[in-house]
Amino acid sequence: MNLIDNFINMFWDIMPIAVVLLGFQIIILKQKIPYLKKIIAGFILVWIGLTLFIVGLEKALFPLGKLMAQQLTSSDFIGNDTLSWKDYYWIYIFAASIGFATTIAEPALLAIAIKANQVSGGFIKVWPLRIVVAIGVAVGITIGSFRIITGLPLYYFIISGYVIVLIQTYFAPKNIIALAYDSGGVTTSTVTVPLVAALGLGLAGTIDGRSTLVDGFGLIAFASLFPIMSVMTYVQIMKFLEQNKK
């Protein structure tokens, strides 16, 4: 597919958003559209940016993630023909590193962190929140990679994880619960998802006995689940330390 086809397809993808927003403004609210020229310019920039981003994913990020998974799991690199889950420690290090780095670079998380800082009156700091969420993603992607390597069922980990989240939710400060759950959602966005998905598919495609359909997907679920735990854990620790100071 050439670049022109990508631009055309993306135009039709974002057109429903424009129709809904403009339709509600004109038909339901019966109001004039303020700053019409700026809005049109903004939509054009979104259209161009999303198109180029999708092309970049297809040309670079997806192939790169798959290539790294293939290289790190090859017996030539590991130096051992008989492999167990312990021999893939470089995969765990890479998974943790890429999970942390992509989350720090995630624009959706930055937007949430800035808004949380504003509405909390500065109580929630931007960088600590981003780092805590990134640590959660790093841990989640590492455990998810371990699951693919060992072949254990996905639901073992997801059910156990949400049981922990439910317990944490009961004990966590009520004003942080919604932010913690949203922090899990914003991590699975434009930067994180392509590399994480490529890593999962690459692992499943290179390890004997794994199905790319059954085992390759599901890694993103870990990237959504573990930040919820990490944010609530961080707040609970901070609350405990504050109580001990008094």
Side-chain angles (χ1 to χ4, degrees), residues 6 10 46 49-73 77 88-117 124-149 154 157-158 161 165 179-207 212 215-234:
N6 279 291
M10 184 56 66
V46 169
L50 285 175
T51 303
L52 295 178
F53 181 74
I54 294 299
V55 172
L57 295 183
E58 295 174 352
K59 299 294 184 182
L61 291 186
F62 271 119
L64 180 61
K66 186 175 181 180
L67 178 63
M68 290 297 296
Q70 292 172 343
Q71 292 175 335
L72 290 171
T73 55
F77 173 76
Y88 292 96
Y89 59 89
W90 277 113
I91 280 290
Y92 306 137
I93 295 172
F94 175 74
S97 301
I98 203 67
F100 185 91
T102 55
T103 305
I104 289 294
E106 191 63 67
L109 176 59
L110 175 59
I112 286 291
I114 292 172
K115 287 297 180 184
N117 177 262
I124 298 172
K125 305 299 182 183
V126 174
W127 265 107
L129 179 60
R130 294 174 69 188
I131 291 172
V132 166
V133 173
I135 291 172
V137 174
V139 173
I141 300 301
T142 304
I143 295 176
S145 299
F146 168 80
R147 182 200 70 83
I148 294 174
I149 290 169
L154 175 64
F157 296 88
I158 299 301
V165 167
L179 176 61
Y181 277 72
D182 280 350
S183 297
V186 297
T187 57
T188 52
S189 189
T190 52
V191 178
T192 308
V193 168
L195 278 171
V196 170
L199 175 62
L201 293 172
L203 279 176
T206 55
I207 297 175
T212 52
D215 299 305
F217 293 98
L219 196 55
I220 297 169
F222 288 86
S224 298
L225 173 59
F226 279 81
I228 303 174
M229 297 184 199
S230 65
V231 171
M232 287 197 285
T233 300
Y234 169 71

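Every value quoted in this text rests on a predicted model; they were computed, and no experiment measured them.
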Q | Straight-line distance of Tyr234 OH to Leu129 CG, nearest 0.5 Å | A | 8.5 Å

Q | Evaluation steps, side chain to side chain contact (heavy atoms under 4.5 Å, CB included), between Leu110 and Val126 | A | CA-CA 8 Å; Leu110 175 59; Val126 174; 4.3 Å; yes

Q: Using a 4.5 Å cut-off on heavy atoms from C-beta on, say whether the side chain of Arg130 contacts that of Thr103.
A: no

Q: Compare every heavy atom of Ala180 with every heavy atom of Ile228, then report the nearest pair and how far apart it is.
A: CG1-O, 3.6 Å

Q | Pairwise side-chain contact, Ile135 with Phe100, heavy-atom cut-off 4.5 Å (strictly under) | A | yes

(Q) For the CD1 atom of Ile220 and the CG atom of Leu199, what is their distance to the nearest 0.5 Å? (A) 10.5 Å

(Q) Please find the pair of heavy atoms, one from Ser183 and one from Val133, that lie closest to each other, and give the distance. (A) CB-CG2, 3.8 Å

Q.
Show the nearest heavy-atom pair for residues Met10 and Ile54, with the distance to one decimal.
A. CE-CG1, 3.6 Å

Q) Would you call the rings of Phe146 and Phe157 parallel, tilted or perpendicular if under 30° counts as parallel and over 60° as perpendicular? A) perpendicular

Q) Looking at CG of Leu225 and OH of Tyr181, how far apart are the two atoms once the value is rounded to the nearest 0.5 Å? A) 9.5 Å

Q. Between Glu106 (side chain) and Thr192 (backbone), is there a donor-acceptor pair under 3.5 Å?
A. yes

Q.
For the backbone of Val132 and the side chain of Ser230, can you confirm whether one donor and one acceptor N or O come within less than 3.5 Å of each other?
A. yes

Q.
For a 4.5 angstrom cut-off between non-hydrogen side-chain atoms, does Ile112 reach Leu179?
A. yes

Q.
Apply side chain to side chain contact (heavy atoms under 4.5 Å, CB included) to residues Thr187 and Phe226 and explain how you reach the verdict.
A. CA-CA 10 Å; Thr187 57; Phe226 279 81; over 6 Å; no

Q: With rounding to the nearest 0.5 Å, note down the distance linking OG1 in Thr206 to CD1 in Ile149.
A: 8.5 Å

(Q) Would you compute the distance between atom CD1 of Ile91 and atom CD1 of Ile98 and round it to the nearest 0.5 angstrom? (A) 11.5 Å

Q. Which atom pair, heavy atoms only, marks the closest approach of Val137 to Gly99?
A. CG1-O, 3.6 Å

Q: Hey, could you give me the CG/CD1 distance between Asp215 and Ile148, rounded to the nearest 0.5 Å?
A: 7.0 Å

Q | 4.5 Å side-chain heavy-atom contact, Val196 and Phe222 | A | no

Q: Walk me through it: do Phe217 and Thr212 pass the test side chain to side chain contact (heavy atoms under 4.5 Å, CB included)?
A: CA-CA 7 Å; Phe217 293 98; Thr212 52; over 6 Å; no

Q) If every non-hydrogen atom of Gly184 is compared with every non-hydrogen atom of Pro227, which pair is closest and at what distance? A) CA-CB, 4.0 Å

(Q) On a heavy-atom basis, which atom in Val165 and which in Met229 lie closest, and how many Å separate them? (A) CG2-CG, 3.7 Å

